[in-house]
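Remarks on the structure that follows.
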Amino acid sequence: MLAGELTVLTIALPWFGALCIWLGGNKAPRLTERAAVAFSVFAALASGALIPFATNQVVLRIPVGGVFGEFTFVPDGLGILLACIATGIGSLAVIFSLDSMRGEKELARYYALVLLFIGAMAGLVLTGSLLLLFFFWELVAFCSYALISFHNDDPKAVAGGIKALVITQIGGVGLAVGVLLTYAQLGSYEFDALLRHSAQMPREILGIIAFGFLLAALAKSAQVPFHTWLPDAMEAPTPVSALIHAATMVNAGIYLLARFYPAFVNVPAWTTTVMAIGMLSALLAALMALTANDLKRVLAYSTISQLGYMVFAVGVGATLASQFHLLSHAVFKALLFLAAGAVIHLTGTRALAQLGGLSERMPFVRNAFVLGALALAGVPLLNGFWSKELILEAGAQNAGMAAFILLLFGVSITALYATRVTWLVFWAPPRETNKVASSNGHSRPKEIGDAPRAMRIALGVLVGATFTSWLLIGGVSEMFARTLTLANVHVLTLFEMMAEIFLTPLTWIALGAVGFGVWLWTARERFANVRASWQFVTRAAENSFGFEWLNAQVVRATMGAAARLRVTQTGQLNWNMVGIVGGFVLVLAVLMMRW
Amino acid sequence: MNLSPLDTAIFLVLGLFGVGFYALLIVRHLIKLVIALQILVKAAVVALAAAGAASGKLELGASLALSVIVVDTVVAVVALALALQVRKHFGTLDVSELGTLRG
Amino acid sequence: MMPAFVWLILVLVLAAPLVYLGGHVGRLRQLVANATSVEWETDPPNHLSQWLALGALAVAWIPFTLAARASDAAFALGTLALRFDGIALLLSALALGLGTLVAIFSGAYLRGEKQTEKFFALLLVMVGVMIGLGAARDLFNLWVWFEALAVASYMLVAFQRDERASLEAGVKYLVQSAAGSVMILLGIALVLAQAGTLDLEELGARLVTADSNLLFAALALFVIGFGVKAALVPLHTWLPDAHAHAPSGISAMLSGVVIEAGLIAMLRVMLPLIPHLQGQGNRVAVLFLVFGAINLLAGNLLALRQTEVKRLLAFSSVAQVGYIVFGLGITFWSGQGVGAQGAFFHLLNHGLMKGLAFLAAGALLFALRAGLPRHAPLTISDLAGAARRYPVIAFAFSIALLGLGGLPPLAGFMSKWQIFVAGVDAGNIWIDVLVVFAALNSVLSLAYYAPLVNAMYRGNVSPLVARGTPVPRAMVVPLVVLAVGVVVVGVAPNVLDWLTQPASAALLHSLGY
Amino acid sequence: MFSGLIAIAIIMCAVQAIRAARLLSSAVWLAGASALTALWLYILGAQQPAVIELSVGAGLVTVLFIFAISISGEEAFTAYPRVPRKLALLLVVGAVALLAVDLAVASGMPRAVDERAVSTLSDTFWNARALDMLVQMVLIFAGVLGVLNLIGHEEIKEVETPGEIQIAQTHLPQVVEPENEELLRV
């Protein structure tokens with residue numbers, strides 16, 4: 001059977017490439033680049049070749065022994081879809097890097113980490129063992145940390161990387177606890193064991209597992225209140241941002257929720273919580289995207305918002321819709337990030353105030369970005385439209401009209417900020433464009449022209465995919481229905497989907513909301529008064545609705561405690577002896593006490 | 001009240017234990033700290049000898065006491081050697097001055 | 001016919017005087033050569049003692065392999081016996097392995113130091129005595145082994161006798177440790193008065209009629225006495241000084257094996273007492289669990305704001321001891337071997353990772369020393385850009401740090417996971433809470449490991465690194481060996497089962513399960 | 001009864017050793033405590049440790065202390081203790097009290113009956129517990145090496161820089177903090 005070999009290849013090819021590149025060092029940058037492209041593209045091909053072999057059986061089993069169980073791999077529909085996204089978008093990011101990272105120092109470290117990242121993500125979605133899932137989960141966190149702080153000389157980059165690491169690891173504790181409890185209850189790390197025997201577990205324990213997994217997913221997918229790491233992760237080189245937002249990191253959380261939804265669906269309050277948090281993230285992040293003044297931050301908030309839709313969709317039980325939107329989002333967000341990366345690379349800044357008037361100077365990038373923005377806004381015939389409509393429909397059906405109206409509000413704001421950012425970058429009168437202030441100190445100001453070749457290739461492929469990825473619905477749904485027997489997915493052919501979407505009035509209402517959002521931007525002058533009265537919202541959004549503050553408080557409290565505790569290390573021998581005698585008194589007293 | 005040596009042993013050990021540890025908490029002179037340690041060693045020697053006697057194995061306790069005396073003499077020698085070196089490099093034997101490593 | 005493990009101890013202990021004499025032979029030869037001008041500013045390069053020490057360690061591997069095969073060998077001399085059970089095997093494997101690597105490392109590291117033959121002789125004594133400590137079967141005999149280990153450690157900590165910080169650290173270590181050992185002696189006296197014997201295997205039977213109050217007192221004395229050496233908070237205060245200011249090879253030994261030896265000694269003397277606490281053995285479990293938790297939190301918080309590399313690593317040892325103590329506490333609570341096995345596994349892994357971390361820090365200290373004021377501590381910012389000039393060392397160091405932070409697939413993760421599995425299996429809600437607490441602490445620890453890794457991979461090279469000297473190969477080899485070990489154990493955790501399983505079996509046996 | 005008096009005397013000596021302002025007096029008080037301990041051990045019936053305690057504890061160790069004090073000089077610094085006396089007293093009294101309560105609550109020191117033949121001390125020390133002795137030899141070796149390392153270079157150094165061992169003669173400035181005259185005694 002070929003499935004096992006292909007699974008291994010999908011994970012091992014990028015890792016092997018990472019090892020080779022790491023060992024090769026920085027001596028031959030060209031060779032490094034080529035090797036990186038080759039390994040990532042081959043990994044993408046391997047994962048694509050897995051599609052026909054989709055199965056819900058274990059294809060590879062490595063016994064580890066002791067309390068570590070067996071490491072297994074199960075390439076089912078969900079896993080293969082995400083593996084294809086990870087390797088496919090990942091290889092496009094690598095290709096894009098050829099131009100955008102050229103001339104950087106330490107390319108070997110960069111490409112090695114990117115390949116490690118891609119491989120780890122592929123492993124995460126293809127494994128069938130909870131422990132191995134946790135392995136990859138942590139490894140992905142590590143890669144994101146290392147790549148976000150790739151420019152180690154920039155303290156902001158370092159801080160962003162460590163923030164991402166710590167926040168996602170805190171979520172990881174939830175996953176760890178869930179996995180540990182599952183193992184304690186079932187004596188197995190198999191996904192199948194958890195999915196099939198969840199009903200037999202004591203309810204409280206299943207509840208802890210469910211919410212532990214949810215915690216992990218929320219931290220990883222940057223959902224409220226753990227979203228604060230994602231905007232700070234913007235210090236990463238732009239292809240890495242594309243990788244994190246579209247291909248690897250944040251998708252893991254959605255994947256986890258979708259994967260274990262059948263096990264947790266009956267846990268009281270679980271689905272409601274998932275829905276509520278998804279909705280909250282979708283709306284709050286959209287508002288934050290509306291007020292952000294940094295091109296990459298806008299896109300980052302937009303990711304949080306779109307992931308919110310997916311989380312919501314999982315919450316209402318629309319697994320297929322959520323994963324389908326994940327696919328669309330991966331494509332158009334990668335497109336947006338890479339296009340933004342081209343803008344940043346070519347202008348040397350990412351402050352919206354310094355951008356503008358680039359429409360004529362870089363038509364190719366402009367077209368790509370506009371397409372991405374349209375897909376994000378949900379304009380018909382682009383992939384974002386179809387998947388978003390599926391989510392809206394599922395929301396209206398399963399969560400009621402109130403939820404649908406809230407979602408519509410989000411849709412309008414999405415259209416609004418998508419329009420705003422596009423206009424500000426390409427059509428706004430150039431304000432400080434040519435006073436190129438290098439925002440992170442490593443890109444060089446240069447003649448502003450259109451994108452070079454490797455960038456064009458990557459962007460071109462993504463533009464094509466933005467137009468076409470929705471055509472895959474039939475195949476994806478068939479694969480899901482065949483291999484995810486517990487997820488209750490039905491085959492949805494392309495024509496069924498089209499009919500379903502065009503025949504429901506909800507779609508037209510949603511389109512109205514999109515139009516309304518776009519119109520709001522064009523008519524923004526007229527609403528100056530309204531904007532003034534809504535200022536408290538915008539100000540709150542600018543301050544991340546207090547979550548950054550909360551975050552900072554936690555950090556400050558920990559650091560303060562650490563600083564205060566250092567006083568106890570007096571360096572005085574006599575005080576050290578106080579510790580010993582005091583410890584003795586305490587221990588003896590505790591032991592002597594009658595309990 | 002007729003106290004046997006064994007009963008006084010408890011009193012003696014506890015007394016020396018208290019004095020020794022109090023000194024370790026209060027005293028700042030390094031050589032005096034070594035003296036305090038020696039007082040504590042006396043407590044241990046007495047305790048072991050008495051414990052041997054109490055359990056009817058006087059010779060075992062005595063043998064342990066002997067070993068303790070030997071071992072802790074070596075420790076005292078080492079401590080004094082360290083003290084001399086400290087005196088040479090810090091110019092004082094005040095252990096409060098040995099507080100550069102902290103936090 | 002003496003069993004192999006006795007030969008192991010003898011080889012090391014008897015080689016020590018030879019190593020010392022070897023240094024003098026070298027010096028005499030040098031003296032003859034320079035008969036006219038006696039220059040003692042720096043000692044003549046004198047490798048004979050290092051080679052002799054390495055030879056002794058190499059020879060010691062032969063009886064070690066034999067001893068590892070013959071499980072549970074015993075050797076009696078008079079009424080005292082040594083028994084090479086699982087725990088002894090574990091300790092000797094770690095001590096001998098790390099000791100060998102440290103000996104390879106230290107020759108170059110101590111270049112320019114005086115009288116290195118004393119260093120190597122003491123190192124051999126340290127390793128040999130530690131193996132004896134693991135095998136001791138008599139309460140008092142164990143104490144004597146332990147004091148021998150302690151004396152060797154004091155002397156090695158203060159080896160750089162012209163450095164104020166080393167002296168300060170040595171003084172603190174000595175006084176606190178000596179106070180602890182008096183407590184141990186008082187505990188021994190209490191046990192002797194109760195049982196009339198000190199043999200750890202006989203004790204169990206003799207203590208049946210013992211008064212549990214006295215046993216509690218003895219237990220408290222043992223926990224505190226050995227706790228000083230095992231660095232239980234709040235008895236840990238000597239550790240950051242001693243570990244940070246000893247020569248780096250010794251830091252590796254101290255953090256990697258010596259504090260663990262303290263813990264093992266504590267276990268040895270406690271275990272026979274626990275079954276006789278009249279149903280209150282759980283208190284000991286609680287004590288261990290609480291000490292584990294406190295160690296974790298205090299160690300991590302204290303390390304969080306450190307700027308000196310070796311001091312940071314020293315505090316992280318306090319935290320890592322917390323995991324080991326926590327794992328042991330789980331086994332005391334549940335009577336299941338998994339926790340202890342995890343604890344022993346973590347003990348080994350900590351030896352590998354912390355040994356690697358200290359050796360790597362030492363290698364960097366050696367390389368950058370030229371630019372530093374004599375014996376100034378190495379700070380995190382000094383390391384900026386170290387990966388540029390010392391890629392292998394920086395990479396090995398990063399592996400050690402990330403492994404300590406518990407990132408898979410490195411060794412530290414696997415043992416922590418095993419401890420957590422045991423904790424959740426214990427089925428007590430409070431232990432579950434502690435598992436979450438321990439996992440969160442692991443995250444907290446990343447907040448100080450990660451910046452250290454970042455610093456090394458900076459692009460801007462610090463002036464010290466720019467002026468750094470090349471590092472001899474003999475110092476890099478141990479780093480590579482340990483780094484490979486950390487990765488291999490992480491990928492295939494069962495390669496160490498032959499050490500951890502007998503150890504936890506021995507522990508359970510002593511507990512009477 | 002006699003042993004009780006000796007015990008009190010030992011403790012008094014120990015207290016004096018700590019309280020004495022001059023180091024030399026401290027060392028002498030310690031020697032006194034040692035000698036009395038030897039007497040106490042003798043009464044207990046442990047003659048050999050008594051002899052060793054007298055020769056090593058009261059003799060050798062005292063000589064060592066006096067030697068060290070004469071090299072380092074009688075540095076009469078005095079100052080407040082770093083740790084508040086009350087806290088120290090509280091902790092120590094707490095520790096002693098807890099131990100005392102523990103011993104008191106316990107049903108006396110049970111005396112395990114020894115069924116084996118009583119052996120002589122020399123037999124115990126030299127044969128039965130020979131291993132202790134062997135390990136002690138290792139310990140002494142380690143200690144000697146360490147001491148050699150710490151102070152053994154002086155003879156060599158003396159040739160070059162004779163100034164280095166002048167500490168013995170020089171008296172460094174005394175650190176006397178103000179208004180602690182009454183605290184001169186610790």
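Everything numeric in this text was worked out from a predicted model, so none of it was measured.
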Please table the atom pairs, donor to acceptor, closer than 3.5 Å between any side-chain atom in residues 40-54 of chain B and protein atoms at least two apart or in another chain.
unit_1  : atom_1 : unit_2  : atom_2 : d
B:Lys42 : NZ     : D:Ser34 : OG     : 3.1
B:Lys42 : NZ     : D:Glu53 : OE2    : 3.3

### Task
Among B:Ser96, B:Ala23, B:Ala76, B:Ala65, single out the residue with the greatest number of heavy-atom pairs under 4.5 Å to chain D.
B:Ser96

#### Entry: Spacing of B:Ile31 atom CD1 and D:Ser72 atom OG [to the nearest 0.5 Å]
3.5 Å

### Query
Side chain, backbone, both or neither: which part of B:Val71 has a heavy atom under 4.5 Å from chain D?
both

### Message
Under 3.5 Å, is there a donor on one side chain and an acceptor on the other for B:Thr92 and B:Asp94?
### Response
no

### Task
Check each atom of D:Ser26 against the heavy atoms of chain B and say whether the ones under 4.5 Å are side chain, backbone, both or neither.
both

### Message
Heavy-atom pairs under 4.5 Å with chain D - which of B:Val34, B:Leu66, B:Val19 has more of them than the others?
### Response
B:Leu66

### Query
D:Leu41 versus chain B, heavy atoms under 4.5 Å apart: side chain, backbone, both or neither?
side chain

#### Entry: Residue part contacting chain D, namely of B:Leu60, when any heavy atom lies under 4.5 Å
both

### Query
Tell me, side chain or backbone of B:Leu24 under 4.5 Å from chain D's heavy atoms, or both, or neither?
neither

### Under 4.5 Å from a heavy atom of chain B, the part of D:Arg82 involved
both

### Message
Under 4.5 Å from any heavy atom of chain D, what part of B:Leu80 do you find: side chain, backbone, both or neither?
### Response
side chain

### Task
Tell me, for D:Leu89 versus chain B, whether the close heavy atoms (under 4.5 Å) come from the side chain, the backbone, both or neither.
both

### Summary
Rounded to the nearest 0.5 angstrom, the CG-CG distance for B:Leu37 and D:Leu30 is 11.0 Å

### Message
Using a 3.5 Å distance criterion without hydrogens, assess whether the side chain of B:Ser63 forms a donor-acceptor pair with backbone atoms of B:Glu59.
### Response
no

### Task
Mind checking side chain to side chain contact (heavy atoms under 4.5 Å, CB included) for D:Ile8 and listing every partner two or more places apart, or none if nothing turns up?
B:Phe11, D:Met12

### Query
Considering only heavy atoms from C-beta outward, does the side chain of D:Thr62 approach that of D:Val28 to under 4.5 Å?
no

### Query
Which one of D:Ile10, D:Asp132, D:Leu23, D:Ile140 has the most heavy-atom pairs closer than 4.5 Å to chain B?
D:Leu23

